[in-house]
Amino acid sequence: MTTAWISIKESRKAESIGQTVQVRGWVRTRRDSKGGFSFIEVNDGSCFGNLQVIADGSLANYASEITSLSVGSSVVISGEIKASAGQGQATEMFASEVRITGIASATDYPLQKKQHSFEKLREWAHLRPRTNTFGAVARVRNRLSFATHEFFQNDGFFYVHTPIITDSDCEGAGQMFRVTTLPLDKLPMTDGKVDMSQDFFGKSSYLTVSGQLEGETYATALGKIYTFGPTFRAENSNTSRHLSEFWMIEPEMAFFELTDNMTLAERYLKHMIREVLVHCPEDMDFFEKRIQPGVTAALQLVLDKPFTRMSYTEAVDILIKSGEKFEYPVAWGVDLQAEHERFITEKHIQGPVILYNYPKEIKSFYMRLNDDGKTVAAMDVLVPGVGEIIGGSQREERLDVLTERMVASGLKAEDYWWYLDLRRFGTVPHAGFGLGLERMVQYTTGMANIRDVIPFPRSPGNCDF
RNA sequence: UCCCUUGUAGCUCAGUCGGCAGAGCAACGGACUGUUAAUCCGUGUGUCGGUGGUUCGAGCCCACCCGGGGGAGCCA
């Protein structure tokens, strides 16, 4: 009879006591006891905690292998799960066999038993998921992704795969990564210009900055859709909240107006938070204790009360009347700066805020013009600590107004012929938004730098691994 | 891209006035009857980010370059 292989997660449950099983994982630490035996902490990533294994001196390879078993080594261990005699864990395993799969040389393995700075761990991005913090981040990120599909699927949305390579520039704002197969040392030139007709697609192509426009085409056919995929921005931004490659979730709904959009965004955020609190309690405990004290209480509070909704105009009023000294002055018509958004969400409301109806001049062409002629039906969801986590709007469904706004933004209507067709043929009011997954991970975990909530961060000057 | 700041042992950092490169942790050797960042004793660790300059002499002063962090802008 072979011994059943179970996860560390299972082995740590009291129900496993009395069973003889096998676990497989990596050594987190080894402590040699005075009594001629050793404690081995094994983790396999299935949960935050380790299984404490007691390896007795009577094991055949005790002196030859186990007493020199180093951090990071991989092991397959069989034994009986018993109630732990020591503090700090419910169960422990008494090993009958400790098989070493792969040694991690103690002198060469970069990760030590102690804490490393996140900056240093970024240099070891291939090994950092083996640490407490990055394991926990990975599991929370996974749960947020799962909760996303769960939420939209249960709500009648269809998951649509919008293209990664595109010829359209969604916001009309450049800053895209070019995709080309042309030889950079020998570009085909015509009349002093690079002849893009000779490129792979017969014209210029780029990595997508948003799947929104393509998403709208499916929303105006299937009703409610969402996209969930990587997006790319070639902006030279060096901050703790920006990445060159990040994952975005973009729902788009036909027959939705701005208030429907807000309600959906709020329900979606709350669903994700609830799922993480329910399914990742060990990981959240860690973030609470070691990363951001108060993070779980803040998330719990978010679940309990409705998001504040505030028009841009109200926000400007509040900022002006606050008496707060801002580096950038506030006035109706200027875009809100980070310090203004922070004041509103962190000091004035102390929770998530939905700002809406922004001046048309500071927002994109596709956002629906309000009846006042001055504002558009845009919305941003701001949360404490992170700032803007969602940006969205009701889309302009009137062909004439949209065309006018495009021209005013300096875009050529013929480039967007298919987008305008959605307004020519059976146009409907519709709305949608985009949520940055990494910002959501930051918000739920309290991790300060966005480069530490994605496995392999890409930022200006950094494309390692 | 701009402002501020930082780069010294495997890791975290100290290094005074310009004068022999030094601590803790890890590692390694040993001790210790159940440990939880185990403890105790002992041992070694170097392209001082790079290039050039000033100087009898540079980790330290100067110039340029590269990387990290914080803030700003752009946004999700």
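Proteins get letters first, then strands, A, B, ... in listed order; numbering begins at 1 in each.
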Peer 1: Looking at A:Lys347 and A:Glu324, is there a salt bridge between them, counting it only when a charged N and a carboxylate O are closer than 4.0 Å?
Peer 2: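 Yes.
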
Peer 1: For A:Phe37 and B:C32, give me the distance from atom CZ to atom P, rounded to whole Å.
Peer 2: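 From A:Phe37 CZ to B:C32 P: 14 Å.
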
Peer 1: Sugar-phosphate means primed atoms, P, OP1 and OP2; the rest is base. With that split, encode nucleotides 8-13 of chain B 5' to 3' as B, S or - using protein heavy atoms under 4.0 Å.
Peer 2: --BBS-

Peer 1: Taking any heavy-atom pair under 4.0 Å as a contact, classify A:Leu243: base, sugar-phosphate, or nothing.
Peer 2: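 Base, at least one base atom sits under 4.0 Å.
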
Peer 1: When you measure from the side-chain N and O atoms of A:Ser240 to the phosphate of B:G71, is any distance below 4.0 Å, counting only OP1 and OP2?
Peer 2: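 For B:G71, OP1 or OP2 has a side-chain N or O of A:Ser240 closer than 4.0 Å.
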
Peer 1: What integer number of Å spans the P atoms of B:U8 and B:C61?
Peer 2: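 That atom pair is separated by 15 Å.
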
Peer 1: What is the distance, to the nearest angstrom, from the CG atom on A:Asn238 to the P atom on B:A72?
Peer 2: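 A:Asn238 atom CG is separated from B:A72 atom P by 13 Å.
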
Peer 1: For the pair made of CZ in A:Arg30 and P in B:G34, what is the distance, rounded to whole Å?
Peer 2: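 To the nearest whole Å, that distance equals 15 Å.
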
Peer 1: Between A:Arg451 and A:Gln89, just flag the one whose closest nucleotide in RNA chain B comes earlier from the 5' side.
Peer 2: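 It is A:Gln89, whose closest nucleotide lies nearer the 5' terminus.
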
Peer 1: Verify the distance criterion only: is there a donor paired with an acceptor across the side chains of A:Tyr419 and A:Glu216 at less than 3.5 Å?
Peer 2: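 Present: a donor and an acceptor within the cut-off.
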
Peer 1: Could you check whether A:Arg342 gets within reach of a base, just the sugar-phosphate, or nothing at all, counting any heavy atom under 4.0 Å?
Peer 2: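 The residue A:Arg342 makes sugar-phosphate contact but no base contact.
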
Peer 1: Is there, by distance only and without an angle test, a donor paired with an acceptor across the side chain of A:Glu119 and the base of B:G67 below 3.5 Å?
Peer 2: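 Not at all, since no donor on one side and acceptor on the other fall under 3.5 Å apart.
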
Peer 1: Tell me whether A:Phe39 is stacked on the nucleobase of B:G34, counting only the six-membered base ring and applying the 5.5 Å and 30° thresholds.
Peer 2: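 One would not call A:Phe39 stacked on the B:G34 base.
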
Peer 1: What nucleic acid atoms does A:Gln337 come within less than 4.0 Å of, heavy atoms only: base, sugar-phosphate, or nothing?
Peer 2: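 Touches sugar-phosphate only.
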
Peer 1: Consider side-chain hydrogen bond (donor to acceptor under 3.5 Å, both in side chains). Of A:Gln153, A:Glu250, A:Glu252, which one does A:Tyr226 pass it with?
Peer 2: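 Looking at A:Gln153, A:Glu250, A:Glu252, the match for A:Tyr226 under the side-chain hydrogen bond (donor to acceptor under 3.5 Å, both in side chains) is A:Gln153.
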
Peer 1: Give one of base, sugar-phosphate or nothing for A:Phe94, where a contact means two heavy atoms less than 4.0 Å apart.
Peer 2: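 Base, at least one base heavy atom under 4.0 Å.
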
Peer 1: In whole angstrom, give the distance that lies between atom CD of A:Glu339 and atom C1' of B:A72.
Peer 2: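 Computing the A:Glu339:CD to B:A72:C1' distance gives 10 Å.
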
Peer 1: Considering only the P atoms, how many Å lie between B:U16 and B:A21, rounded to the nearest integer?
Peer 2: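 Each nucleotide's P atom is 13 Å from the other's.
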
Peer 1: Identify whether any heavy atom of A:Glu250 sits under 4.0 Å from a base atom; if not, whether one sits that close to sugar-phosphate; answer base, sugar-phosphate or nothing.
Peer 2: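 No contact.
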
Peer 1: Please report the distance, rounded to the nearest Å, between NZ in A:Lys363 and P in B:C74.
Peer 2: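 Between P of B:C74 and NZ of A:Lys363: 10 Å.
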
Peer 1: Please state the C1' separation for the pair B:C56 and B:U12 - nearest whole angstrom.
Peer 2: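 Each nucleotide's C1' atom is 36 Å from the other's.
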
Peer 1: Regarding A:Arg99 and A:Thr101, do their side chains bring together a donor and an acceptor under 3.5 Å, going by distance alone?
Peer 2: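 Absent: no donor and acceptor within the cut-off.
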
Peer 1: If only side-chain N and O atoms count, and only distance matters, is there a donor-acceptor pair under 3.5 Å linking A:Ser84 with A:Gln89?
Peer 2: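 Short answer, yes.
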
Peer 1: I want to confirm an ordering. Mapping A:Ala448 and A:Ile389 to their closest nucleotides on RNA chain B, which one lands closer to the 5' end?
Peer 2: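 Result of the comparison: A:Ala448.
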
